[in-house]
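To start, the structure under review is shown below, and the notes come after it.
Since we're looking at a predicted model, the values are computed, not measured.
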Amino acid sequence: MARRSSSTSAAKAFTRAYQRSMKALTTATLRNGKRIAGQVQRAAAEHLKPPRGPGDWLAGAALGPGGARRYHLYRPPDMQLGERLPLLVMLHGCGQTGRDFAASTRMNLLAARERFFVLYPEQDRMAHPQGCWNWYDRRFGKADAEAATLMAAIDQVCLLYPVDRERVAVAGLSAGAGMAALMATRYAVRFKALAMHSGVAPGAARSPATALGAMRGRHVPPMPATAVGKAMGAAAVFATLPPLLVLHGDADLVVSARNALSTAEVWATATGARPGIQRTVQRGKRHAMRVTEFKRKGRTLVMLCEVAGLGHAWSGGAPRLPFSDAAGPNASRLIWAFASKQFKAAAVA
């Protein structure tokens, strides 16, 4: 009897200990769940919160062959009745959101002063876990479908807001630069200027494997005119490609700086432009920049800016943010100056 009583007592003690453990585990799980839910809610609220500065931060979504994509549109303040403004499309890099890109580039502050719309499409994490645009996946059609979806977002914004369709430019960083180049070749007549910051040379990749090789500096030799059509798509050759601004840091360890010159040469070959003399530009203590202009009949169709000491980051961006280097030349100002110059040249032509 003593043995049975001892066994029963041990079983009861074990049951009580198990129940206490389960209660503690449940309490901890609920506490952690509430904490995680709070973090998610705060992150969502931060994502929706407009960046600092005047103007409106308008949310939207567009549907196209690549699925649905969210976007934000920056609208400058004090718009006048009947006023039609240019549009700059900004495509973020991997690991960024549209809001992140707006914060690091500070393009909205420039747009408020210079009077233009800024569209920030956002990659869906279901389409790419790291938030990269699928600019390279030409083999299975994902890149073209995604580009068409982004064009649907641009068309939607042009319908809903007073955008001047004759003054539209596209710019991107890293994977965003690759997608911007694809859009400018596929829909050349829709854009008056293109800016690629730290991107891979057009036509250097058609799959994830070749994209990694191109990022490391492979598959990007200068291409002869006969290879341009195959690299960029037959429709791009001898078409009216928009003028291109290339920005790249020579200390970029993510996307090889070899892509910068290759990009400029591919585009120059396709547009019939010839290189001029390289010059060095430096303002104050900012990184120096080597500038080469490729011209045809006196008009700059390609501008190559190689920034000394710049890594894989937006040149002249906001300090203390990822993928942003405040010590570089101001890429946002360079892009807008280049785009506005091309708007004027196109209007004259």
Side-chain angles (χ1 to χ4, degrees), residues 45-62 69-93 96-122 150-173 176-177 179-180 183-184 190-195 197 242-243 245 247 314-319 321 323-324 326 329-347:
E46 183 69 19
H47 176 74
L48 294 173
K49 188 171 69 174
R52 293 180 180 179
D56 300 311
W57 184 247
L58 308 168
R69 294 294 185 276
R70 294 178 299 178
Y71 64 76
H72 280 93
L73 178 72
Y74 174 76
R75 180 173 59 188
D78 305 321
M79 286 203 61
Q80 305 299 313
L81 185 65
E83 185 179 23
R84 304 193 75 81
L85 301 181
L87 172 67
L88 177 61
V89 182
M90 292 281 284
L91 301 177
H92 62 75
Q96 290 183 311
T97 64
R99 189 185 185 281
D100 294 337
F101 202 32
S104 67
T105 63
R106 296 181 286 197
M107 189 63 81
N108 292 357
L109 295 176
L110 184 61
R113 184 169 68 247
E114 300 294 334
R115 310 290 300 160
F116 60 94
F117 289 105
V118 191
L119 176 62
Y120 298 94
E122 189 163 310
L150 291 172
M151 288 305 305
I154 294 171
D155 288 337
Q156 182 171 299
V157 165
C158 289
L159 284 172
L160 295 176
Y161 302 96
V163 172
D164 184 348
R165 291 174 179 264
E166 297 302 316
R167 292 187 292 166
V168 179
V170 59
L173 171 67
M179 180 55 73
M183 293 174 68
R190 298 293 304 276
F191 301 103
K192 294 298 184 289
L194 162 67
H197 196 316
L245 171 64
L247 289 153
W314 189 266
S315 184
L321 288 179
F323 311 110
S324 182
N330 193 316
S332 296
R333 290 182 183 174
L334 288 168
I335 288 170
W336 178 246
F338 184 80
S340 57
K341 184 177 180 180
Q342 303 308 325
F343 294 156
K344 293 175 183 176

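Ring planes of Trp336 and Phe116: parallel class, angle under 30° (limits at 30 and 60°).
Distance check: Leu173 CG to Thr105 OG1 gives 9.5 Å after rounding to the nearest 0.5 Å. The CD atom of Gln96 lies 9.5 Å from the CE atom of Met90; values are rounded to the nearest 0.5 Å. Taken from CG in Leu58 to CZ in Arg75, the straight-line distance is 5.0 Å, to the nearest 0.5 Å.
Residues satisfying the salt bridge (charged side-chain N to carboxylate O under 4.0 Å, His left out) test with Glu114, not counting sequence neighbours, are none. For Lys341, the salt bridge (charged side-chain N to carboxylate O under 4.0 Å, His left out) criterion is met by no residue, not counting sequence neighbours. Applying the side chain to side chain donor-acceptor pair (under 3.5 Å) test to Ser104 and every residue at least two apart in sequence or in another chain returns nothing. Taking Phe191 as the reference, nothing meets the ring-ring contact (aromatic ring centres under 6.0 Å, His included) condition, with sequence neighbours excluded. In this structure Ala153 satisfies the side chain to side chain contact (heavy atoms under 4.5 Å, CB included) test together with Ala62, Tyr71, sequence neighbours excluded. Applying the side chain to side chain contact (heavy atoms under 4.5 Å, CB included) test to Ala180 and every residue at least two apart in sequence or in another chain returns Leu91, Val170, Leu194. Contacts of Arg69 classified as side chain to side chain donor-acceptor pair (under 3.5 Å), with partners at least two apart in sequence or in another chain: Gln123, Glu146. A search for side chain to side chain donor-acceptor pair (under 3.5 Å) contacts involving Tyr74 returns nothing, not counting sequence neighbours. Evaluation of the ring-ring contact (aromatic ring centres under 6.0 Å, His included) rule for Phe101 yields Trp314 as partners, not counting sequence neighbours. For Arg115, the side chain to side chain donor-acceptor pair (under 3.5 Å) partners at least two apart in sequence or on another chain are Glu83. For Arg106, the salt bridge (charged side-chain N to carboxylate O under 4.0 Å, His left out) test picks out no residue, with sequence neighbours left out.
No side-chain heavy atom of Phe117 sits less than 4.5 Å from a side-chain heavy atom of Pro86. Phe323 places none of its side-chain heavy atoms less than 4.5 Å from the side chain of His92. Two residues are said to be in side-chain contact when any heavy atoms from C-beta on lie closer than 4.5 Å; Leu87 and Tyr161 fail this criterion.
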Show the numbers, then the answer: is there a side-chain contact (heavy atoms from CB on, under 4.5 Å) between Ile154 and Val163?
CA-CA 10 Å; Ile154 294 171; Val163 172; over 6 Å; no
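Residues Ala102 and Asn108 approach most closely at CB-ND2, 4.1 Å, considering heavy atoms. Nearest heavy-atom pair, Ala193 versus Ala339, reported as atom, atom and distance to 0.1 Å: CB-CA, 3.9 Å. Ala103 and Ala318 make their closest contact through O-CB, 3.5 Å (heavy atoms, listed as atom of the first residue, atom of the second, distance).
For residues 153-169, the pairs satisfying salt bridge (charged side-chain N to carboxylate O under 4.0 Å, His left out) are Asp155-Arg190, Asp164-Arg167, Glu166-Lys192, with sequence neighbours left out.
With hydrogens and angles disregarded, a donor-acceptor distance shorter than 3.5 Å links the side chain of Ser315 to the backbone of Pro329.
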